[in-house]
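Reviewing the structure listed below.
What's counted below: heavy atoms across the whole structure, side chains too, no hydrogens, waters or symmetry copies. The sequence lines fix the lettering, A, B, ..., with proteins before strands; numbering per chain opens at 1. Note that the coordinates shown come from a computational prediction; the quantities given were computed from them, not determined experimentally.
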Amino acid sequence: MVARALLGKVLVHGRRAGRIVETEAYVGTHDLACHAARGRTRRNALLWGPPGRAYVYFIYGMHWCFNAVTSKEGVASAVLVRGLEPLAGLPPGTRLDGPALLCRGLGITGAQNGLDLVHSSLRILDAPALRRGSVARGPRIGVDYAGEWAAAPLRFWVVGSSGVSRGSGRQPRSVR
DNA sequence: CTATTGATGGTC
DNA sequence: ACCATCAATAGG
């Protein structure tokens, strides 16, 4: 699954970069938590497009969220990047532990919607896959309305990373 | 046209 | 636990 595979890779925007430590998969029109479930609109049309592009959307009147489109053309699935560890080009102490925080931190907005994640200034760099033991999975965040799909274990994160969101996410973060 | 609602984060 | 703040929907 692509969401799992993206952990450990590096998201770059211009000079700024972070290591992906938390992702969620949204797996098609049948996934009630996926934006594609309510049909194709101007906002979510990119989900049906070719893979490897950015899907950036605005939510709650103030936040941007970044996704990578993962499926072949005609199939609507994507991976929401929820948390990064700062790597480069960022002020000391920048926190990227949340989908909206990381967009703010890297300067990602609707202006980047649709960009090619291989060839543009917004790109994802490959990295070796992580060891099995360092990755955990669980239910996605903020999708309680999605019935059966709310409980699906489609969220992946790097255990113990400071870049994993805490909003509603759970992990032992005070292991002394 | 108006009303509702989020794949959130910061503050109270 | 509540609020900020708005685009995309649903409904009239």
ask   = Among residues 69-79 of chain A, which residues get a heavy atom nearer than 4.0 Å to DNA chain C?
value = none
query = Under 3.5 Å, is there a donor-acceptor pair between the side chain of A/Asp31 and the main chain of A/Ala37?
reply = no
key: d(CG, A/Leu80; C1', B/dG6) in whole Å   = 13 Å
ask   = How many Å lie between CG on A/Leu101 and P on B/dA7, as a whole number?
value = 17 Å
ask   = Pairs in or reaching into residues 60-79 of chain A: which pass ring pair (Phe, Tyr, Trp, His ring centres under 6.0 Å), with residues at least two apart or in two chains?
value = A/Phe58-A/Trp64
query = Can you name the residues that form a side-chain contact (heavy atoms from CB on, under 4.5 Å) with A/Val69, not counting sequence neighbours?
reply = A/Tyr55
Heavy-atom donor-acceptor pair, A/Glu73 side chain to A/Trp48 backbone, under 3.5 Å = no
key: Nucleotide of B/dT8, B/dG10, C/dT5 approaching A/Ile141 most closely (side-chain heavy atoms)   = B/dT8
query = Which residues satisfy the side-chain hydrogen bond (donor to acceptor under 3.5 Å, both in side chains) test with A/Asn113, sequence neighbours excluded?
reply = none
key: Of residues 143-151 of chain A, the positions that come close to DNA chain B - non-hydrogen atoms, cut-off under 4.0 Å   = A/Val143, A/Tyr145
request  = Give one of base, sugar-phosphate or nothing for A/Ala33, where a contact means two heavy atoms less than 4.0 Å apart.
outcome  = base
key: CZ (A/Arg40) with more than 12 external heavy atoms under 6.0 Å   = yes
request  = Would you mind listing every ring pair (Phe, Tyr, Trp, His ring centres under 6.0 Å) that reaches into residues 119-154 of chain A, with sequence neighbours excluded?
outcome  = A/His30-A/Trp149
inquiry  = Tell me the interatomic distance from A/Tyr60, atom OH, to C/dC2, atom C1', rounded to whole angstroms.
reply    = 14 Å
remark   = Dot-bracket for DNA chain B, 5' to 3', Watson-Crick and G-U pairs with both distances under 3.5 Å, [ ] for crossing pairs, | for partner on another strand, reads ||||||.||||.
A/Val158 reachable from A/Val79 in the ILVMFWY side-chain graph, under 4.5 Å edges = yes
key: Atom-to-atom span, CG of A/Leu96 to C1' of B/dG9 - whole angstrom   = 14 Å
key: A/Arg19/A/Glu85 ion pair, N-O < 4.0 Å   = yes
query = Excluding sequence neighbours, so at least two apart, what forms side-chain hydrogen bond (donor to acceptor under 3.5 Å, both in side chains) with A/Arg53?
reply = none
ask   = Just checking, A/Arg140 and A/Tyr26: is the charged tip under 6.0 Å from the six-membered ring centre and within 45° of the axis?
value = yes
key: Partner set under side-chain contact (heavy atoms from CB on, under 4.5 Å) for A/Ala78, not counting sequence neighbours   = A/Leu47, A/Asn67
ask   = Residues in side-chain hydrogen bond (donor to acceptor under 3.5 Å, both in side chains) with A/Ser71, at least two apart?
value = A/Ser77
May I have the list of side-chain donor-acceptor pairs in residues 123-134 of chain A shorter than 3.5 Å, sequence neighbours left out?
from     : atom 1 : to       : atom 2 : distance (Å)
A/Arg123 : NH1    : A/Ser120 : O      : 2.7
A/Arg123 : NH2    : A/Val118 : O      : 3.3
A/Asp126 : OD1    : A/Lys9   : NZ     : 2.5
A/Ser134 : OG     : A/Arg131 : O      : 2.8

key: Nucleotide B/dT8, atom P - distance to CD of A/Glu22 in whole Å   = 11 Å
key: B/dT8 phosphate, OP1 or OP2, under 4.0 Å from A/Arg104 side-chain N/O   = no
Can you tabulate the close N/O pairs, meaning under 3.5 Å, that link protein atoms to atoms of nucleotides 7-12 of chain C?
from  : atom 1 : to      : atom 2 : distance (Å)
C/dT9 : OP1    : A/Thr41 : OG1    : 2.0

key: A/His63 side-chain N/O to B/dG9 phosphate OP1/OP2 under 4.0 Å   = no
